[in-house]
There are 2 protein chains.
Amino acid sequence: YVRAAGVSRLYVSGEESITALDDVSLEVSSGSVVAVTGPSGSGKSTLLHLIGAMDRADSGSIQVGETDVSGLTRKQQADYRRTVGFVFQRFHLLPALSVVDNVAVPLLPYRTAFDKRARALELLAAVGLEDRARSLPSRLSGGQQQRVAIARALINAPTLLLADEPTGNLDSDTGTQIIDLLLELRDSRGMTVLLATHDPQVAARCDRVVGLEDGRLTNDSLYAAR
Amino acid sequence: YVRAAGVSRLYVSGEESITALDDVSLEVSSGSVVAVTGPSGSGKSTLLHLIGAMDRADSGSIQVGETDVSGLTRKQQADYRRTVGFVFQRFHLLPALSVVDNVAVPLLPYRTAFDKRARALELLAAVGLEDRARSLPSRLSGGQQQRVAIARALINAPTLLLADEPTGNLDSDTGTQIIDLLLELRDSRGMTVLLATHDPQVAARCDRVVGLEDGRLTNDSLYAAR
Ligand SMILES: Nc1ncnc2c1ncn2[C@@H]1O[C@H](COP(=O)(O)OP(=O)(O)OP(=O)(O)O)[C@@H](O)[C@H]1O
Ligand SMILES: Nc1ncnc2c1ncn2[C@@H]1O[C@H](COP(=O)(O)OP(=O)(O)OP(=O)(O)O)[C@@H](O)[C@H]1O
Ligand SMILES: [Mg+2]
Ligand SMILES: [Mg+2]
């Protein structure tokens, strides 16, 4: 479902040139939950951003379903992004909107038959935060903000979810509930998930674990020695 | 060294009233490293903010060394804060300053005999980021930004370090190095550390572990059953 081939991303600014990803090839089957692990700075966020068309690869190609993600125009990238759920490592909630309005933001471009606010409240309940629906993000703890970001990423019932360290600010019980939720959506809807994580307990619950080091894919549980 | 007695903090905004801390009493001896654990939303950040005079308790008292933290005027709070190292859960790096200038910011009010930039570079090296000294924070990965925030908190050689989930965005090897650094500063300088963490492996390396739940202190390894 997700096919990355020979993907590289080099950040050049002034005199420094950082190789964030180096010739990464990865195929993820539809409806699987894949953990991307690796040291700080190894390229996890960069990989997710490229697959989500938040950024463009310098070389290589990325295919998601029928879409050639790496070949899209700016406008096509924006259209594609609306179909993908993205949980950012830094959350990026809108400070002036209430929690429930933040969750509903991805629904705004659509005329829908259902009640947007009701669906947003449903998702907030799924992440344990329905009682904070009217709060501003600044009034929430770090882990609560992270969960709002997760609810927002799921509101469009995306077929692909890219989650950048979605449990990094959560205690293990809450983190377990969140992973339960993602696995349940894989089972019921066939949602494909790529999640970057530093938590080995989270990685252990995924269908597959791939590892990055200095921008290179260095291990893959699919091909691990038995 | 840190004495909190009957500390409560209630957030009231409009119709909602959230009890973030409820009658918390805690004594931390000088030169010890204490982990504060607990579910998302249990009050860890609030406790650290109160001890660091970033916020004022609604009741109870907080003493740090000779200072009655809970009784300070606004100006005295600002003076006191300069003596404490604080690693924020959301980092709060200044986007327009380079990494090394960010680390050196707490030194700005002081005329010093030493080279501020050299000391900042030393700390960056201690967290593995000396080669990114001139980068802007936005050009760093999440875990790299977190480490810059840690270096900044240590630049004034504080006697008290308040670290809010300092390894939340780090892989376990890098996280281990950071905790090594904090324990080394405890040993060499007698630095007192209170760190909020969701990572049981981090908590296990601390001298003591206390747990919060719904704003109340519910366990303390110092008084744990044997
Ligand atoms: N400014 C505020 N206004 C209203 N409620 C607040 C405010 N700041 C924090 N809270 C609430 O107080 C409670 C404790 O928050 P705190 O940030 O201390 O939790 P925490 O233990 O650090 O959580 P996490 O592990 O998710 O970071 C939470 O329910 C939070 O939503
Ligand atoms: N805009 C940028 N300009 C320059 N370098 C960048 C930029 N964005 C990321 N990098 C660098 O690319 C490398 C990979 O970054 P990335 O954010 O993908 O790492 P990561 O694996 O997500 O790390 P972490 O676990 O710390 O979040 C890092 O060395 C980072 O500093
Ligand atoms: Mg990252
Ligand atoms: Mg917190």
Side-chain angles (χ1 to χ4, degrees), chain A residues 11-16 18 20 37-46 49 88-91 93 98 127-129 131-148 164-165 167-175 177-178 196-201 203 211-213 215, chain B residues 11-16 18 20 37-46 49 88-91 93 98 127-129 131-148 164-165 167-175 177-178 196-201 203 211-213 215:
Chain A
Y11 291 113
V12 186
S13 72
E15 1 160 317
E16 65 175 3
I18 308 271
T37 62
S40 174
S42 54
K44 305 178 294 299
S45 295
T46 302
H49 278 67
F88 296 93
Q89 192 166 0
R90 307 305 306 281
F91 319 158
L93 299 177
S98 69
V127 298
L129 288 172
D131 59 335
R132 300 305 296 271
R134 284 198 310 243
S135 301
L136 288 177
S138 59
R139 306 267 162 82
L140 263 55
S141 76
Q144 290 168 338
Q145 291 176 11
Q146 184 157 43
R147 284 181 273 158
V148 173
D164 205 344
E165 303 193 29
T167 65
N169 281 275
L170 304 177
D171 56 283
S172 59
D173 286 350
T174 312
Q177 289 167 30
I178 292 302
T197 185
H198 284 308
D199 189 336
Q201 300 190 350
L212 284 171
E213 266 176 69
Chain B
Y11 291 111
V12 186
S13 71
E15 3 160 317
E16 65 174 5
I18 308 270
T37 62
S40 173
S42 56
K44 303 179 294 300
S45 296
T46 301
H49 278 67
F88 296 94
Q89 191 165 1
R90 308 305 307 280
F91 319 157
L93 299 177
S98 68
V127 299
L129 288 170
D131 58 337
R132 300 303 297 271
R134 284 198 310 243
S135 301
L136 288 177
S138 57
R139 304 270 162 81
L140 263 54
S141 76
Q144 290 168 337
Q145 291 175 8
Q146 185 157 44
R147 284 181 274 157
V148 173
D164 204 344
E165 301 192 28
T167 64
N169 282 276
L170 304 177
D171 55 283
S172 58
D173 285 352
T174 311
Q177 289 168 30
I178 291 301
T197 185
H198 284 307
D199 189 337
Q201 300 191 350
L212 283 172
E213 267 177 68

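Each chain gets a letter, A, B and so on, in the order its sequence line appears, and its residues count up from 1.
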Honestly, the part of A/Asp173 sitting under 4.5 Å from a heavy atom of chain B is neither
So which part of A/Gln146 gets closer than 4.5 Å to some heavy atom of chain B, the side chain, the backbone, both or neither? neither
B/Asp171 (side chain) donor-acceptor with A/His198 (main chain) under 3.5 angstrom: no
Determine the option with the most heavy-atom pairs under 4.5 angstrom with chain B, choosing from A/Ser135, A/Gly175, A/Gly43, A/Ser42. A/Ser135
Atom pair OG/CZ of B/Ser13 and A/Arg134 - distance to nearest 0.5 Å: 10.0 Å
Considering residues at least two apart in sequence or located in another chain, which fulfil the side chain to side chain donor-acceptor pair (under 3.5 Å) criterion with A/Gln201? none
Could you check which of B/Gly143, B/Gly41, B/Ser40 has the highest count of heavy-atom pairs closer than 4.5 Å to chain A? B/Ser40
Sequence-distant partners of B/Ser45, side chain to side chain donor-acceptor pair (under 3.5 Å), two or more places apart: B/Gln89, B/Asp164
Where do A/Glu165 and B/Gly168 come nearest, in terms of heavy atoms and distance? OE1-O, 4.1 Å
Who wins among A/Thr174, A/Ile18, A/Thr197, A/Leu170 for the most heavy-atom pairs under 4.5 Å with chain B? A/Leu170
